[in-house]
Amino acid sequence: MSLLALVLLGILSAKAGGAHKLKAVVRIVFWGTAAMLVTGLIGAAFGTIV
C-alpha cells in the first residue's frame with residue numbers, strides 16, 4: 001500500500017508541477033522506498049538494543 005501511495009503522489013506531483021510523470025514516479029518511489037528501508041534498519045538496530 002505504501003508503494004502504491006508513493007506512485008499516486010508521484011503522479012499528482014507531476015501533474016501539479018507540469019513535470020514528466022514517469023520520472024516523477026520513479027524518483028518518488030525510489031527515494032520513498034530508500035527512506036522506508038533506512039527507517040526500518042534503524043528501528044531494527046534500536047529494537048535489538050532495548
Original post:
Given a cutoff of under 4.5 Å between side-chain heavy atoms of I, L, V, M, F, W and Y, with clusters grown through shared members, what are the other residues clustered with L22?
Top reply: V26
Original post:
In Å and rounded to the nearest 0.5 Å, what is the CG to CG distance from L4 to L9?
Top reply: 10.0 Å
Subject >> side chain to side chain contact (heavy atoms under 4.5 Å, CB included) partners of V25, counting only residues at least two apart >> reply: V7, I11, V29
**OP:** List, by chain and then residue number, the residues other than F30 in its hydrophobic cluster (Ile/Leu/Val/Met/Phe/Trp/Tyr, side-chain heavy atoms under 4.5 Å); write none if there are no others.
**Re:** W31
**OP:** List the atom of T33, the atom of L6, and the distance in Å for their closest heavy-atom pair.
**Re:** N-CD1, 4.1 Å
Subject >> Members besides L37 in its Ile/Leu/Val/Met/Phe/Trp/Tyr cluster (side-chain heavy atoms under 4.5 Å) >> reply: L41
Subject >> G10 to A24 - nearest heavy-atom pair and separation >> reply: O-CB, 3.6 Å
Subject >> Taking every non-hydrogen atom, the tightest pair across M36 and S2 >> reply: SD-CB, 3.9 Å
